[in-house]
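First comes the structure, then the notes that go with it.
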Amino acid sequence: MFAKNTYINRRNQLKKDVASGIILFPGNKDVAFNYPANTFTFRQDSNFLYFFGLNHADLAGIIDIDNNKDYIFGNDVDMDDIIWMGNLPTIKEQAAEVGVENTAPLTSMYDFITDAIKAGRKIHFTSPYRGEIQMQLADLLGIKYTNVKNYTSVELIKAVIKQRSIKSLEEVAEIEKAIATAYDMHTTAMKMAKPGIYEREIAGKMEGIALSAGGPVSFPVILSINGQTLHNHYHGNLLSEGRMMVADAGCETELNYCSDITRTVPVGGKFNQRQKDVYEIVLKANMKAIEAIKPGVPYREIHLLSARVIADGLKEIGLMKGNMEEAVSKGAHAMFFPHGLGHMLGLDVHDMEGLGENFVGYDDEIKRSSQFGTAFLRLGKRLQQGYVLTVEPGIYFIPALIDQWKAENKFTEFINYDKAETFKDFGGIRIEDDVLVTADSYKVLGKPIPKTVAEIEDTMK
Ligand SMILES: [Mn+2]
């Protein structure tokens, strides 16, 4: 974990940003995989990690704003735990490492919260995303399980997002560590992408590299020759010449900071002309978007800029036609680019999304668009120094979507459906980097991962 002052300062800032009451951060519990003693890999809650740093199950953190006191609730290990799981420092000792003086057994948290409720004090908590925590909160607060989400604190959610959005140097350094591992994952995948190999062989190798480096993957590896399915987790296809392989994968560091990188490569290592034509458009959209990053610019503008680069490029190769400014404003490009340009990145791969996508990505000034395509943009608001975000444009040929829009005669003035028909066997291309917003521009984080046609072909040789 970081030095204890990091956690003390974060909690103190929160006490300034939330007016009064008690802030409750339940840590995560182990979750059963197929029977109680066989659990999923433990993942601590990111808010708990951010403010309390401790990385094991069955803890809770409380910040008493009114009395300026921080607490960790948890149980010391007993002999059974020591025999089966090994020894751990006492809760008191662990708490001291993150600058918390007050500790108590987990069960006493119920009395603590009950007393606070009786005294009419406000209990702030964020929206639970796991059933176990939702039930724990219902129990603690004496409310119905289904009613818990109605009591979440918007004040706390906004205060947490305000802090976690701005990455410190030590956090950026962690993210760069995660990208260093992603470099190994992706260059290994490129070298393995030969005809006759199954997707799962490469996906498994990538996940193994993440685990070897000390953390899990930051989300299940997306690796597919059917890249037109955006979040494709099926890994059973055999790679064959003429297909593009999309690999969208990252990892977590030991401190649980994430990377999220996408590369798309031609199976066998050589782009054919059609693949190169589409690839160069996506690459240009990725680079132009990155170059536009600086504080004060709404990310939605950069999303639309990348959409424009894609539309112009598709017009050049005959897939779109007409006035591209109009096409983009009406959303015609979204048949080929039906998702957002990117999202924040940090302790979560879609950072803070558990707190609510619109709280993270939008604000009073910039509201989420309802237009197909742009509506899926997770981050639209103005950028600030210290944000870390992904830039991930793509072009996809989704046969069912082409069929539907064609049948509806949708945007026939902008889309050349005859030509689109001939691309139904193409798949998709996405290129994603992780970028820091600096004082006056941007920094692409981590060691550069092969990205141009020449770099990729050279790596795959
Ligand atoms: Mn991403």
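Note that ligands are numbered from 1 as they come in the structure, with each ligand's atoms numbered from 1 the same way.
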Can a salt bridge be assigned to the pair Asp70 and Arg11 using a cut-off of 4.0 Å between side-chain N and carboxylate O? yes
Is NZ or CZ of Arg274 both nearer than 6.0 Å to the six-membered ring centre of Phe426 and within 45° of the ring axis? no
Metal check, the Mn ion (ligand 1) vs Glu392 N/O/S, cut-off below 2.8 Å: yes
Would you mind checking if Lys284 and Glu316 are paired as a salt bridge, meaning a charged N to carboxylate O distance below 4.0 Å? no
Roughly, to 10 degrees, what angle do Asp260 atom OD2 and Glu432 atom OE2 form around the Mn ion (ligand 1)? 80°
Member of Arg430, Arg263, His231, His186 meeting the side-chain hydrogen bond (donor to acceptor under 3.5 Å, both in side chains) criterion with Asp248: Arg430
Could you confirm whether His350 has any N/O/S atom lying under 2.8 Å from the Mn ion (ligand 1)? no
